[in-house]
A.B. asks: 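The structure under discussion is supplied below as structure tokens; questions concerning it will follow.
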Amino acid sequence: MTEPLLAIRGVKSFYGNIMALKGVDLHINEGEIVTLIGANGAGKSTLMMTTFGNPRAREGSIIFDGRDITKMSTYEIAKLRIAQSPEGRRIFSRMTVLENLQMGAAVADPAHFKDDLARVCALFPRLEKRMTQRGGTLSGGEQQMLAISRALMSRPRLLLLDEPSLGLAPLLAKQIFSAIRELNERDRLTVFLVEQNAYRALKLAHRGYVIVNGLITLTGSGRELLERPEVRAAYLEAGRH
């Protein structure tokens with residue numbers, strides 16, 4: 001059996017004295033979309049940020065492509081071709097769209113910049129028309145497209161997406177999910193997705209995990225979790241759009 005691309009084993013993470021993750025086990029195989037669902041405050045974003053080195057895991061291990069990255073800095077992790085599109089987008093609002101994309105490409109080979117720029121513009125054609133515009137003047141949907149594109153400019157093997165549809169109109173959210181599917185199917189990009197819209201996320205994902213109060217409580221294929229009555233009752237009743 002091949003080793004997973006990402007293996008999270010017994011990870012505990014804290015904010016001050018508060019334990020946010022209480023021993024999380026999760027793995028992601030190369031070429032998969034894996035989604036993590038849970039209520040607000042369950043530990044979803046904390047797990048994603050811990051995977052990317054901030055905060056650091058206090059116990060347990062995070063293994064990427066056979067290498068222990070548990071104690072590495074975020075910059076060192078990024079150089080291993082893991083990229084994050086964080087919750088709230090966090091684009092550089094005073095920089096232009098092009099400058100934001102250049103920042104994303106900082107850890108990649110400059111020889112690929114032109115091709116990678118063309119690739120993200122093909123994925124999100126709106127951005128091509130906004131290249132000289134400051135990031136802060138973009139609409140919410142455009143900022144989300146920019147945040148994902150900035151992450152893609154580093155040529156990641158693993159893309160961490162934290163709440164990509166948050167605050168977006170249903171049509172824009174649909175575009176974002178279509179782009180994620182295209183990246184996975186066309187480029188075999190491995191995606192770890194944290195998402196409030198559990199219905200869309202589980203429809204998109206190969207596998208999913210449910211996190212409750214810092215612990216994984218359920219796992220299965222996206223389809224299996226969609227059919228679980230406890231998942232439907234807790235996360236899906238309001239999410240079908």
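The first residue of the sequence shown is numbered 1, and numbering continues consecutively from there.
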A.B. asks: For Ala105 versus Phe113, what's the shortest heavy-atom pair and its separation?
C.D. replies: CB-CD1, 3.8 Å

A.B. asks: Test Ser165 against every option in Lys174, Glu195, Gln175, Gln144 by the side chain to side chain donor-acceptor pair (under 3.5 Å) rule and name the one that passes.
C.D. replies: Glu195

A.B. asks: Answer yes or no on whether Arg150 is positioned over the face of Phe92, meaning its NZ or CZ is under 6.0 Å from the six-membered ring centre and within 45° of the axis.
C.D. replies: yes

A.B. asks: Measure from the side-chain N and O atoms of Lys44 to the backbone N and O of Gln196, and report whether any donor-acceptor pair falls under 3.5 Å.
C.D. replies: no

A.B. asks: List the steps and the verdict of side chain to side chain contact (heavy atoms under 4.5 Å, CB included) for Met19 and Lys22.
C.D. replies: CA-CA 6 Å; Met19 189 189 293; Lys22 301 173 182 176; 3.5 Å; yes

A.B. asks: Between Glu142 and Arg130, is there a salt bridge with N-O shorter than 4.0 Å?
C.D. replies: yes

A.B. asks: Shortest non-hydrogen contact from Thr74 to Gly53?
C.D. replies: OG1-C, 3.8 Å

A.B. asks: Is atom CZ of Arg67 surrounded by more than 12 heavy atoms (other residues, nucleotides or ligands) closer than 6.0 Å?
C.D. replies: no

A.B. asks: Counting only heavy atoms from other residues, nucleotides and ligands, does the tally under 6.0 Å from CG of Asn213 exceed 12?
C.D. replies: no

A.B. asks: Can you tell me how far CZ of Arg9 sits from OG of Ser61, rounded to the nearest 0.5 angstrom?
C.D. replies: 5.5 Å

A.B. asks: Determine whether Leu117 and Val107 fall in the same hydrophobic cluster, where Ile, Leu, Val, Met, Phe, Trp and Tyr are linked whenever their side-chain heavy atoms lie under 4.5 Å apart.
C.D. replies: no

A.B. asks: Does some side-chain heavy atom of Gln133 sit less than 4.5 Å from a side-chain heavy atom of Leu138?
C.D. replies: yes

A.B. asks: Strictly below 4.0 Å, N to O, side chains only: are Glu30 and Arg157 in salt-bridge contact?
C.D. replies: yes

A.B. asks: Atom OG1 in Thr132, atom CG in Leu98: separation rounded to 0.5 Å?
C.D. replies: 9.0 Å

A.B. asks: Any chance the side chains of Thr46 and Tyr15 put a donor and an acceptor closer than 3.5 Å?
C.D. replies: yes

A.B. asks: Should the heavy atoms of other residues, nucleotides or ligands under 6.0 Å from CZ of Arg134 be counted, would the total exceed 12?
C.D. replies: no

A.B. asks: Does Glu230 CD have over 12 foreign heavy atoms under 6.0 Å away?
C.D. replies: yes

A.B. asks: Considering all heavy atoms of both residues, which atom of Leu160 and which atom of Thr51 are nearest to each other, and what is their separation?
C.D. replies: CD1-CG2, 4.3 Å

A.B. asks: Is there a donor in the side chain of Asp162 and an acceptor in the side chain of Ser45, or the other way round, less than 3.5 Å apart?
C.D. replies: yes

A.B. asks: After noting the C-alpha distance and the side-chain angles of Val231 and Leu202, does the key distance pass the side chain to side chain contact (heavy atoms under 4.5 Å, CB included) rule?
C.D. replies: CA-CA 11 Å; Val231 172; Leu202 291 171; 4.2 Å; yes

A.B. asks: Taking the side chain as C-beta and beyond, is there a heavy-atom pair between Met145 and Ile176 under 4.5 Å?
C.D. replies: yes

A.B. asks: Treat each ILVMFWY residue as a node, draw an edge where side-chain heavy atoms are under 4.5 Å apart, and state whether Leu36 and Tyr199 are in one component.
C.D. replies: no

A.B. asks: Let's go through Leu158 and Phe52 carefully: what are the C-alpha distance in whole Å and the side-chain angles of both, what is the deciding distance for side chain to side chain contact (heavy atoms under 4.5 Å, CB included) to 0.1 Å, and is it a yes or a no?
C.D. replies: CA-CA 11 Å; Leu158 173 64; Phe52 209 52; over 6 Å; no

A.B. asks: To the nearest 0.5 Å, what is the distance between CG on Leu21 and CG on Leu215?
C.D. replies: 9.0 Å

A.B. asks: If Ile, Leu, Val, Met, Phe, Trp and Tyr residues are connected whenever their side-chain heavy atoms lie under 4.5 Å apart, and connections chain through other members, are Leu6 and Leu189 in the same group?
C.D. replies: no

A.B. asks: Show the numbers, then the answer: is there a side chain to side chain contact (heavy atoms under 4.5 Å, CB included) between Lys203 and Phe177?
C.D. replies: CA-CA 10 Å; Lys203 278 193 77 176; Phe177 284 117; over 6 Å; no

A.B. asks: Work out which heavy atom in Gln84 is nearest to a heavy atom in Ala151; give both atom names and the distance.
C.D. replies: O-CB, 3.9 Å

A.B. asks: Using side-chain heavy atoms (C-beta onward) and a distance below 4.5 Å, is Val24 in contact with Tyr209?
C.D. replies: no

A.B. asks: Side chains of Thr50 and Ser13: is there a donor and an acceptor less than 3.5 Å apart?
C.D. replies: yes

A.B. asks: Return the CG to CD1 distance between Asp25 and Ile8, rounded to the nearest 0.5 Å.
C.D. replies: 9.0 Å

A.B. asks: What I'd like to find out is whether the side chain of Leu225 reaches to under 4.5 Å of the side chain of Thr219, using heavy atoms alone.
C.D. replies: no

A.B. asks: Does Arg181 reach the main-chain N or O of Leu204 with its side chain, forming a donor-acceptor pair under 3.5 Å?
C.D. replies: no

A.B. asks: Among the clusters formed by ILVMFWY side chains lying less than 4.5 Å apart, do Ile82 and Met49 turn up in the same one?
C.D. replies: no

A.B. asks: Any side-chain heavy-atom pair from Leu161 and Val194 closer than 4.5 angstrom?
C.D. replies: no

A.B. asks: Please answer whether the main-chain N or O of Thr96 pairs with a side-chain N or O of Glu99 as donor and acceptor at a distance below 3.5 Å.
C.D. replies: yes

A.B. asks: To the nearest 0.5 angstrom, please state how far the OG atom of Ser149 sits from the CG atom of Leu101.
C.D. replies: 6.0 Å

A.B. asks: Are a donor atom and an acceptor atom from the side chains of Glu76 and Ser73 found within less than 3.5 Å of each other?
C.D. replies: yes

A.B. asks: Closest approach of Gly141 and Leu172, non-hydrogen atoms and distance?
C.D. replies: CA-CD1, 3.8 Å

A.B. asks: Would you say Val97 ends up clustered with Leu152 if hydrophobic residues are merged whenever their side chains have heavy atoms under 4.5 Å apart, either directly or through other cluster members?
C.D. replies: yes

A.B. asks: Whether Asp187 and Arg119 form a salt bridge (side-chain N of Lys/Arg under 4.0 Å from carboxylate O of Asp/Glu) is what I want to check.
C.D. replies: yes

A.B. asks: For His206, does its backbone N or O pair with a side-chain atom of Glu32 as donor and acceptor, under 3.5 Å?
C.D. replies: no

A.B. asks: Would you compute the distance between atom CE of Met95 and atom CG of Leu146 and round it to the nearest 0.5 angstrom?
C.D. replies: 11.5 Å

A.B. asks: Taking all heavy atoms of Ala57 and all of Ile62, pick out the closest pair and write down the distance.
C.D. replies: CB-CD1, 4.5 Å

A.B. asks: For residues Leu226 and Leu236, determine if any side-chain heavy atom of one lies less than 4.5 Å from a side-chain heavy atom of the other.
C.D. replies: yes

